[in-house]
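Notes for the one structure printed next.
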Amino acid sequence: MQKSLDYDVIVVGAGHAGIEACLAPARLGLKTLVVTTNPDRIGYMSCNPSIGGLAKGHMVREIDILGGQMGIAADETCIQFKRLNSRRGPAVRGSRVQSDKNLYAQFMIQTLMSQPNLNVMSGEVKRLVIDGGICSGVVLADGSTIHSKAVIITAGTFLNGVMHVGLQQTSGGRVGDQASVGLSDQLVEFGFDVRRLKTGTPARLLKDSIDWSKTVPQHGDEHYYPFSFSSPNKPKLQQIDCYLTRTTEATHDIIRNNLDKSPMYCGMIEGSGPRYCPSIEDKVVRFADKTSHQSFLEPEGLTSDLIYLQGISTSLPEDVQFEFLKTIPGLENVKVARFGYAVEYDFIEPTQIWHRLETRPIENLFLAGQINGTSGYEEAAAQGFVAGVNAANKILGKDEFVLGRDEAYIGVLVDDLVTKGTLEPYRMFTSRAEHRLILREDNTADRLMGPSSELGVLKAAAFATLDVLVEKRKLLAARLKETKVYPNKAMQEKLIALGTPALTKSLSFEELLRRPEIHCLDLPGLGFDVDQDPNINDSVEIEVKYSGYVSRQLELIRQMRRLEELLLPLDIDYTEVRGLSKEESEKLNKIRPRTLGQAQRISGVNPSATQAIMIFLKGRKNIEASASGDSLGKKRIGRFSAPDAVENSNLVR
């Protein structure tokens, strides 16, 4: 028998995207429901048991400052911490933690179960309730209809998911969980461009079957930097080692001799795989000159018997996997708990969504995570948070929440997806951000404290802690400017001992800190008191040392913002704009850029197109002004509306 329930927001799926998507509206006071086929798998790490990495760690910190949960969960369950690229510039450093896989999932389950305004339901969503181009609920497999004001789909790899091991195919999004069938077919009916992608995972090994003496221990870092500003500066759990081994020529020979049994190489898999996380088959073929590839043996938890074989994802038959695994040093007598496999699944070409992650064809329907073509826990969580906040804001009558490319990696991620689309699983890198010197891990609070305050997801007590942190940074920066250091004998001796030249005149401590040999923690020895908290002094030191570069970057951002402020009418027919190529007009009509800045970033749209669009709009404005007998002023629009035209006086100067 059908039943009808009512919620403000329904979230489909409870992976990394679904968690943030349901917590955000619930924390904003909205009645929220998350529907998942298996509540025991909430927050389950389907692939490697880690959070963060280059650019990914940045996004985890951004989610935390805005009021999300991933950073807190990663800190609570960290069993190894490493700061990647620690010897390189601050813009490209990235934090990464190895998490206890089971504890991470347990922490997230407890978080959702104890969250006010949030219900968790076991079930499968088969269809959306859509009427007049507006989504107003979901239909479950048992025929139940649940109504809502907004729906967020975070289906991960489960939309028409198919698992591949050799030439065998099984329906499912991952081992032990069924595929979601019906939703993507319905989206096709409504005109969505639905495509296929592929991802994969390696074998899980039993740790007691590994000869660890033939591997190289990989220790974590001595200094620990938590993801969340609210976490203590020491890990809560025992810290452990990972281990390094490498494939051999014998490994590669076995793989080459069995490529005809690989679903990727015999045409069984249609979807594109992740370019930057290739399977071992891809590595052997694409990098044929290499005699070995490294692999990290990563424990899945403090009490787990399972070892994750990082870098060796594969979909070869089980007997072939077992054969080549035994050729890897340390794995000669290995026992396999679960063999690797590939997953092929549906995704929605992401140029069909707005920056707020609401779909263009269907109102009140939001998409987040791998359904938008991304790869990775962190990318999914970031989208989940954006979708959850925007679904809530739309219901509450607030402005949409959109971060700029100069504000956050989350802004880069969303803008890349919406503007450029993707043909393969999208993964975030620092190289994707043109303003990466501004988007550092250490200054996340400074960048996003304002937007976080406006959102209101972060609790008042947590925000007060964040406010204190930022104020301490400002105070330290001000004291460095104001306090002088003088060239007396004692000071000169101390400076020479630190390996830096003696003073020729008095300086501010800020000027002294610009010297490459001097660091914040050296200053107490020079008579300047410094807080020992790295969350305070690290960020200030980086701002001081890179002040010249930061100033130039900020000026570039100011220049680019002028283009981002030039709003484009949504009713333009770009085929009428003289000077645009056919490719340019087609892409502009398809993507419907919000601003001139976004139009410039569309692949295939040349710089000359900007001038052509501006000339067209100037002519159109003059015609409209003549027809009305008056000049048109700039109109402000509600951010969730879709007006026929948007005017901006800056366009016609």
Side-chain angles (χ1 to χ4, degrees), residues 132-134 191 193 349-366 390 393-394 397-406 411 414-421 559-653:
I134 299 175
D193 181 6
E349 214 291 317
T351 55
Q352 300 166 98
I353 56 178
W354 300 106
H355 281 77
R356 57 182 175 264
L357 301 188
E358 184 180 20
T359 69
R360 299 180 186 226
I362 299 175
E363 191 176 349
N364 297 344
L365 175 63
F366 296 78
N390 277 310
N393 280 5
K394 186 166 188 180
K398 297 181 179 180
D399 285 348
E400 68 178 356
F401 172 64
V402 176
L403 291 169
R405 298 180 68 90
D406 60 323
V414 173
D415 187 66
D416 277 354
L417 293 173
V418 174
T419 303
K420 302 174 183 178
Q559 294 173 13
M560 293 189 67
R561 275 183 180 168
R562 296 184 189 126
L563 291 177
E564 295 301 329
E565 291 169 357
L566 300 180
L567 301 175
L568 296 177
L570 295 180
D571 67 339
I572 294 182
D573 181 355
Y574 287 96
T575 60
E576 297 178 357
V577 180
R578 295 181 61 183
L580 296 181
S581 69
K582 183 177 180 181
E583 178 188 5
E584 288 172 332
S585 61
E586 286 178 352
K587 288 187 173 180
L588 288 163
N589 275 329
K590 177 183 178 182
I591 294 175
R592 292 284 163 194
R594 298 153 51 100
T595 69
L596 204 57
Q598 185 191 356
Q600 278 200 143
R601 294 191 294 275
I602 298 173
S603 176
V605 175
N606 297 309
S608 60
T610 303
Q611 293 298 320
I613 294 170
M614 292 180 71
I615 291 170
F616 173 81
L617 290 173
K618 183 176 181 179
R620 183 167 119 163
K621 182 179 178 74
N622 290 339
I623 292 171
E624 290 174 345
S626 175
S628 65
D630 194 5
S631 61
L632 293 175
K634 179 179 177 181
K635 295 189 295 184
R636 188 183 185 281
I637 63 166
R639 290 171 127 190
F640 273 99
S641 64
D644 292 332
V646 178
E647 297 295 340
N648 190 313
S649 57
N650 291 330
L651 282 171
V652 294
R653 285 180 181 171

**Prompt:** What's the verdict on side chain to side chain donor-acceptor pair (under 3.5 Å) for Gln352 and Asp193, showing C-alpha distance, side-chain angles and the deciding distance?
**Reply:** CA-CA 8 Å; Gln352 300 166 98; Asp193 181 6; 5.1 Å; no
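- Applying the side-chain hydrogen bond (donor to acceptor under 3.5 Å, both in side chains) rule to Ser608 yields no partners; only residues at least two apart in sequence or on another chain are considered.
- Judged by distance alone, with hydrogens and angles left aside, the side-chain atoms of Arg562 form no donor-acceptor pair with the main-chain N or O of Gly597 at under 3.5 Å.
- Between Trp354 and Val418, the shortest heavy-atom distance links the atoms O-CG2, 3.7 Å.
- A distance of 7.0 Å separates CD of Gln598 from CD1 of Ile591, quoted to the nearest 0.5 Å.
- Side-chain contact, Asn390 with Glu358: no donor N or O sits under 3.5 Å from an acceptor N or O.
- Nearest heavy atoms, Ala599 versus Val605: O-CG1, 3.5 Å.
- A search for side-chain contact (heavy atoms from CB on, under 4.5 Å) contacts involving Thr359 returns Phe192, Ile353, Pro361, Ile362, Leu365, Leu367, not counting sequence neighbours.
- Closest approach of Leu588 and Pro593 over heavy atoms only: O-CD, 3.6 Å.
- With Thr419 contributing its side chain and Asp416 its backbone, the two residues share no donor-acceptor pair below 3.5 Å.
- Shown here are the salt bridge (Lys or Arg N to Asp or Glu O under 4.0 Å) partners of Arg360, two or more places apart in sequence or in another chain: there are none.
- In this structure, Val577 and Ser585 have side chains that are not in contact, with every pair of non-hydrogen atoms separated by 4.5 Å or more.
- With a 4.5 Å cut-off on side-chain heavy atoms, Leu417 and Leu357 do not count as touching.
- Taking each heavy atom of Glu584 and Leu580 in turn, the nearest pair found is OE1-CA, 3.5 Å.
- No side-chain donor-acceptor contact under 3.5 Å links Ser581 and Glu583.
- For the pair Arg592 and Tyr574, the minimum side-chain heavy-atom distance is below 4.5 Å.
- With a 4.5 Å cut-off on side-chain heavy atoms, Lys394 and Glu363 count as touching.
- Under the 4.5 Å side-chain criterion, counting only non-hydrogen atoms from C-beta, Asn589 is in contact with Thr575.
- Between the OG1 atom of Thr610 and the CG atom of Leu563 there is a distance of 7.0 Å, given to the nearest 0.5 Å.
- Nearest heavy atom pair, residue Asp399 against residue Asn393, reads O-ND2, 3.0 Å.
- Every salt bridge (Lys or Arg N to Asp or Glu O under 4.0 Å) that Asp415 has, sequence neighbours left out, goes to Arg405, Arg601.
- With sequence neighbours excluded, the residues satisfying side-chain hydrogen bond (donor to acceptor under 3.5 Å, both in side chains) with Gln559 are Glu555.
- Shown here are the salt bridge (Lys or Arg N to Asp or Glu O under 4.0 Å) partners of Glu586, two or more places apart in sequence or in another chain: there are none.
- Annotation: side chain of Glu564 is not in contact with side chain of Asp406 (no heavy-atom distance under 4.5 Å).
- Between Leu568 and Leu596, the closest side-chain pair of non-hydrogen atoms falls below 4.5 Å.
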